[in-house]
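What's counted below: heavy atoms across the whole structure, side chains too, no hydrogens, waters or symmetry copies. Chain A is the first sequence line, chain B the second, and so forth, proteins listed ahead of strands; every chain is numbered from 1.
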Amino acid sequence: MIHFVQKALADIRSNRFLNFITIITISLSILIVSVFMLFFENASRIIEVWNQGGRAMIYLEKEFSYEMLPRLKETILDLGEIDEMTFISKDQALDKLKNEMASRTDFFKTLQSNPLPDAIEIKMKSHGSFEQIQGFARQIESLDMVENVEYGQGWLGKFLNIFNLFKMTGYAMCGLFLLIALFITANTVRLAFYSRRLEVEIMRLVGATEGFIKTPFYVEGLFQGFIGGVLGLVILLVGYLTISSGMAENLAAYVYTDIQFLSVKAILTLLFSSTFLGWFGCYLSLKQILK
Amino acid sequence: MSVDKNINPIIRLFNVSKRYGAKLALDNVSLDIEPGEFIFVSGPSGAGKSTLLRVLYLAENVSEGQILIDGMNLARVSPGKLPFLRRRFGMVFQDFKLIPSRTVFENVALVLEVAGESQSFIRKKVMHVLRTTGMEKKANALPPTLSGGEQQRVAVARAVVGEPSIILADEPTGSLDDKAAQAVMDFLMEYHKKGATILVASHNLHLMESTVRGRNIVLEEGKLKTTSTML
């Protein structure tokens with residue numbers, strides 16, 4: 001194996017320009033994909049915060065009385081998916097409101113009765129997608145004594161629709177760029193192969209197996225993919241460090257959370273993808289040339 | 001050179017023909033070659049000398065007929081087995097076929113590398129062969145910096161380093177001056193004395209007659225015309 005690695009490194013050195021172009025292409029493709037991933041990862045976290053981690057308020061009808069609470073709680077719990085459940089009576093809600101709006105005491109003096117409904121605050125166990133929350137909320141809404149369920153279905157739903165559309169576009173663009181990188185890698189291997197056609201012919205004449213001939217090309221492809229991936233991520237990290245601090249300050253009022261770099265899982269996925277890309281480009285090329 | 005008639009032929013051709021389109025490069029050639037023979041294949045250009053060698057090392061498939069190498073039918077050699085069969089041959093070409101980006105040492109070592117030999121064995125063996133061909137001092141040189149005669153000596157070193165039982169040489173002296181050609185032929189004769197079977201295709205009859213003690217096979221328009229012994 002050491003022989004093949006040495007051979008691949010020697011080939012990369014002797015075809016510097018070609019390999020440089022391939023590595024740059026792979027790194028740019030990985031950069032584009034990783035920018036999308038960085039955006040999606042952070043956007044998901046922000047949405048999570050906006051969504052209050054799967055919290056929802058169940059507002060109860062005026063006819064609701066405290067005696068009905070145990071049965072209602074039981075019914076809601078039977079639906080599953082509930083992590084926490086807290087009853088907030090209309091008096092508690094009014095007290096909380098008064099505390100939060102302490103400077104507006106005049107307004108509260110004009111109130112002849114408590115206009116707020118009784119409510120139950122719930123936290124769902126899984127809140128991965130907006131559709132899940134929506135479906136669950138609809139089930140609760142159909143229960144007796146439940147007037148409506150508030151879970152950010154207005155603006156958050158619309159935002160999520162736009163976000164999902166953007167996500168789909170992102171996936172399509174990532175796929176396109178990876179495909180371009182794949183073709184360029186395959187083409188580089190093809191050019192490298194043709195530039196070493198005499199060498200391959202001689203290897204065959206002296207009894208080299210196909211594995212002996214192909215392995216250095218595969219090692220070269222793996223190197224190109226891995227180095228391209230690392231380079232793309234380094235560029236992303238530099239860009240992230242340069243602009244993230246300023247961005248975090250500007251967005252602090254809206255997002256209530258830090259902009260974070262890619263998770264370890266995402267980094268490993270990208271490195272694996274880029275390395276695989278290098279290998280697969282090589283595989284496609286050699287399969288066509290050596291058939 | 002005398003050939004023991006009780007020994008089975010190492011190479012057998014049965015009615016071998018090779019067509020390139022309408023042209024018949026080999027026409028119904030049948031031939032037995034005993035182990036340890038030195039065969040000189042002569043004939044004018046286009047007579048089929050190179051084609052004969054090419055079908056022997058399976059660079060080309062025959063159109064008709066069969067070839068047996070040491071009892072193995074070449075028509076039945078699977079692509080996976082082909083590299084192992086080729087390791088039994090050492091090959092020398094008129095255009096040397098050396099890898100220009102690899103040193104003399106690396107070019108010769110390639111044969112042993114593909115056979116999976118250890119680095120220490122390769123170093124020892126290659127340096128020994130380069131010493132015997134007089135190319136030891138040029139071990140680190142690249143082929144394009146060498147003269148034609150030196151390049152052919154490297155090619156011969158590469159052909160013998162794996163100690164093959166058969167050497168196929170296609171016009172090995174074709175692009176060399178007389179002195180260099182003689183050196184190459186002398187070396188092939190030395191290797192022949194160790195028991196190897198050698199086939200040399202060449203139109204340089206004068207050189208062969210002055211060097212070779214073996215059998216002369218004459219090809220004309222793809223047909224085997226005459227077989228004679230050179231003493």
Side-chain angles (χ1 to χ4, degrees), chain A residues 1-23 188-224 282-291, chain B residues 53-54 56-60 77-93 95-103 106-119 122 126 142-144 151 154-170:
Chain A
M1 196 60 209
I2 293 167
H3 162 81
F4 292 124
V5 172
Q6 284 172 341
K7 182 79 190 62
L9 288 175
D11 289 339
I12 288 175
R13 274 198 297 273
S14 63
N15 282 312
R16 281 191 202 100
F17 181 71
L18 209 58
N19 279 285
F20 175 74
I21 295 295
T22 310
I23 289 169
T188 307
V189 172
R190 189 191 303 266
L191 290 174
F193 188 90
Y194 283 128
S195 74
R196 280 152 49 191
R197 206 162 31 181
L198 174 68
E199 191 175 335
V200 171
E201 183 196 342
I202 292 167
M203 280 183 173
R204 284 205 175 116
L205 287 176
V206 299
T209 58
E210 291 300 291
F212 187 91
I213 294 168
K214 286 179 189 173
T215 306
F217 289 102
Y218 280 125
V219 174
E220 203 172 316
L222 289 171
F223 269 135
Q224 286 171 345
C282 184
Y283 170 79
L284 288 179
S285 225
L286 292 183
K287 200 178 173 199
Q288 199 184 11
I289 296 167
L290 298 174
K291 67 182 174 188
Chain B
L53 298 196
R54 287 176 67 77
L56 284 176
Y57 65 81
L58 274 175
E60 309 264 4
V77 174
S78 65
K81 293 270 170 63
L82 184 58
F84 301 96
L85 177 78
R86 283 199 176 138
R87 289 177 201 171
R88 301 185 61 180
F89 296 110
M91 279 168 290
V92 185
F93 302 91
D95 59 354
F96 323 124
K97 290 208 189 300
L98 298 174
I99 301 169
S101 58
R102 294 198 187 192
T103 64
E106 288 167 341
N107 267 283
V108 178
L110 185 63
V111 176
L112 301 175
E113 278 174 9
V114 303
E117 298 290 356
S118 70
Q119 286 301 312
I122 291 172
V126 171
L142 291 173
Q151 289 192 59
V154 177
V156 171
R158 183 184 61 192
V160 302
V161 74
E163 296 183 3
S165 51
I166 303 167
I167 299 268
L168 304 175
D170 189 5

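The side chain to side chain contact (heavy atoms under 4.5 Å, CB included) test applied to B:Glu60 returns B:Lys18, B:Tyr20, B:Arg54, B:Val55, not counting sequence neighbours.
When all heavy atoms of A:Gly207 and B:Arg86 are compared, the closest pair comes out as CA-CB, 4.1 Å. Nearest approach of B:Arg158 to A:Ile202, heavy atoms of both residues: NH1-CG2, 3.5 Å. Shortest non-hydrogen contact noted between A:Leu205 and B:Met91 is O-CE, 2.9 Å.
Residue contact with chain A, scored on non-hydrogen atoms closer than 4.5 Å, is absent for B:Leu58. With a 4.5 angstrom heavy-atom cutoff, B:Phe89 does not touch chain A via any of its atoms. For a residue to count as touching a neighbouring chain, one of its non-hydrogen atoms must lie under 4.5 Å from one of that chain's; by this rule A:Arg204 touches chain B with backbone and side chain alike. When heavy atoms are compared at a cutoff of 4.5 Å, A:Leu198 approaches chain B solely by way of its side chain, counted from C-beta outward. Residue contact with chain A, scored on non-hydrogen atoms closer than 4.5 Å, involves the side chain of B:Arg102 exclusively.
Note: A:Thr209 OG1 to B:Arg87 CZ = 6.5 Å, rounded to the nearest 0.5 Å.
The number of heavy-atom neighbours closer than 6.0 Å to OH of A:Tyr218, taken from other residues, nucleotides and ligands shown, is above 12.
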